[in-house]
Chemist: 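To start, I am sharing the structure in question, which I have written as structure tokens.
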Protein chains: 2
Amino acid sequence: MAPSLSTTSYALLSLLVIDGGTDEGLTGYELKQRADRTLRFYWVSPAMSHIYTELDRLSSHAFVRADEDTTGKRTTKHFAITPAGREALQSWLHTSEHEFPVLKHPIALRLMLGSMMGADEVRAMLDSYEEALVARRRELEAVREMLGDRDAVAYPARVADWGLAFFDSEASTIDRIRDSL
Amino acid sequence: MAPSLSTTSYALLSLLVIDGGTDEGLTGYELKQRADRTLRFYWVSPAMSHIYTELDRLSSHAFVRADEDTTGKRTTKHFAITPAGREALQSWLHTSEHEFPVLKHPIALRLMLGSMMGADEVRAMLDSYEEALVARRRELEAVREMLGDRDAVAYPARVADWGLAFFDSEASTIDRIRDSL
DNA sequence: CCCGGCTATTCCTAACTGGAACAGTATGCT
DNA sequence: AGCATACTGTTCCAGTTAGGAATAGCCGGG
């Protein structure tokens, strides 16, 4: 029955619910910006090309409606979620198969070969990861602050807190490993 | 100069250093088993077909040597890292940009839409994630125990500890979110 | 008016997944 | 010994996901 879409498809659909629910939908470009701002913290930031192919797919299932805007010389498309799309999202939320998170951690991968690097280089690597982590945390903090404690966005706020906790856990792991060298 | 390989290529190369360093190399099949046991905790567990294509690629760069075993009726190939391969791995460790970790978190993604699910269903989802987390943690604990506190595997042990810390952080986040519902 | 940066989309290629198909090997049972 | 079964090992194919570059209109300031 329900066509099996990829998780990223549903992620985009959920962006259309959260960010594009009120007005007349978002362009692929805008969707990319929303994804870069929030989705990337707990999923991926899909490539532009990927977003457009997913939108085509969603469109073919009538889960999104594509409104062409031909006012200028260029026709741009605004995508909005349809009732069928909301239904599909609902039934996906209810399915009990919850996949386990996947962590692709290049730093841990390199740390595995620490003996080929030497303690100094390992320390330098951890330092630069810590810096990147601080920067990334600040970006997420900004998102978190924008959410505030409004009831309407209580769940997104919880997800943001989750991300912050992850960053903090990473930071303290870095400290512990550095001390162990 | 250095042909740019994917991170997964280097990950497989590092498995050949760690697991296949002493004897005469590993088969693609064995490599898959090693990957399933350790690599998946901080990177991915590549599909068999992917492993073989990467081995072909590594072979074409002479970073691995393919020894054909024709003793039985079937010829199997054992792959061992070459000095050139070690060099490539070294220079990857030293030179390349350290990408930021990517976390693909289906549970967080669904939690985002918690208001479409209702508190009970959210709780159920968190419960089942917690269970999966406990199981996964146990598997990693087993790996960690096998490593012990031998100096030779001090770095892999640190990576395993990192993974355990991540699981613990996830568990406590689940608790906190459940309390907030 | 033209230059640079933003908006918007498309195309091409590479990375990666999953499944099926095929075949040899080791084991344990009757 | 014969046989079933599970494990080992490899290849092929079809599809999905991802990244980069190319293209082009839009929009403000000097």
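A, B, ... follow the sequence lines: proteins, then strands. Residue 1 opens every chain. Quick caveat: nothing in here was measured; it's all calculated off a predicted structure.
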Chemist: If you walk 5' to 3' along DNA chain C, what is the first nucleotide with an atom under 4.0 Å of a heavy atom in chain A, and what is the last?
Modeler: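 Here the contact window of chain A covers dC6(C) to dC11(C).
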Chemist: Considering only heavy atoms and no angle criterion, is a donor-acceptor pair shorter than 3.5 Å present between the side chain of Thr76(A) and the base of dG25(D)?
Modeler: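 Per atom types, no contact qualifies.
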Chemist: Using heavy-atom distances to pick each residue's nearest nucleotide on DNA chain D, tell me which of Gln33(B) and Ser49(B) is more 5'.
Modeler: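 Between the two, 5'-proximity favours Gln33(B).
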Chemist: Describe the nucleic acid contact of Lys32(A) in one word from base, sugar-phosphate, nothing, applying a heavy-atom distance below 4.0 Å.
Modeler: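 Nothing, no heavy atom under 4.0 Å.
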Chemist: So what does Thr53(B) hit on the nucleic acid, given a heavy-atom distance under 4.0 Å: a base, only sugar-phosphate, or nothing?
Modeler: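 Since no nucleic acid heavy atom lies under 4.0 Å of Thr53(B), the category is nothing.
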Chemist: Among all residues two or more places apart in sequence or in another chain, which pass the salt bridge (Lys or Arg N to Asp or Glu O under 4.0 Å) test with Arg137(A)?
Modeler: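 Arg137(A): salt bridge (Lys or Arg N to Asp or Glu O under 4.0 Å) contacts with Glu141(A), Asp168(A).
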Chemist: Whole angstroms only, please: what is the NE2-P distance between His50(A) and dA21(D)?
Modeler: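 That distance rounds to 20 Å.
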Chemist: Under 3.5 Å, is there a donor on one side chain and an acceptor on the other for Thr75(B) and Glu68(B)?
Modeler: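 Side chains of Thr75(B) and Glu68(B): no pair found under 3.5 Å.
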Chemist: Do Asp36(B) and Arg34(B) meet the salt-bridge criterion of a basic N to acidic O distance under 4.0 Å?
Modeler: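 Here Arg34(B) does not pair with Asp36(B) in a salt bridge, since their nearest N and O are not under 4.0 Å apart.
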Chemist: Could you tell me how far apart Met48(A) (CE) and dT17(D) (P) are, to the nearest whole angstrom?
Modeler: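 Distance check: Met48(A) CE to dT17(D) P gives 16 Å.
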Chemist: I need the CD1-P distance between Ile51(B) and dC12(D), as an integer number of Å.
Modeler: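 The distance from CD1 of Ile51(B) to P of dC12(D) comes to 17 Å, rounded to the nearest Å.
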Chemist: Does the ring center of Phe100(B) lie less than 6.0 Å from the ring center of His105(A)?
Modeler: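 Between Phe100(B) and His105(A), the centre distance exceeds or equals 6.0 Å.
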Chemist: With a non-hydrogen cut-off below 4.0 angstrom, is Lys104(B) in contact with a base, only sugar-phosphate, or nothing?
Modeler: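 The answer is sugar-phosphate, as Lys104(B) gets under 4.0 Å only of primed atoms, P, OP1 or OP2.
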Chemist: Please pick, from dG19(D), dA18(D), dC7(D), the nucleotide with the shortest atom-to-atom distance to any side-chain atom of Tyr29(B).
Modeler: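 Nearest nucleotide to the side chain: dC7(D).
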Chemist: Is there a donor on the side chain of Thr27(B) or the base of dG9(D) sitting less than 3.5 Å from an acceptor on the other?
Modeler: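 Absent.
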Chemist: How close or far is atom C1' of dA22(D) from atom OH of Tyr52(A), stated in whole angstroms?
Modeler: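 The answer, rounded to whole Å, is 14 Å.
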Chemist: Please say whether more than 12 non-hydrogen atoms of neighbouring residues, nucleotides or ligands are located less than 6.0 Å from CG in Asp179(A).
Modeler: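 Yes, enclosed.
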Chemist: Classify the nucleic acid contact of Pro46(A) as base, sugar-phosphate or nothing, counting any heavy atom under 4.0 Å across all strands shown.
Modeler: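 No contact.
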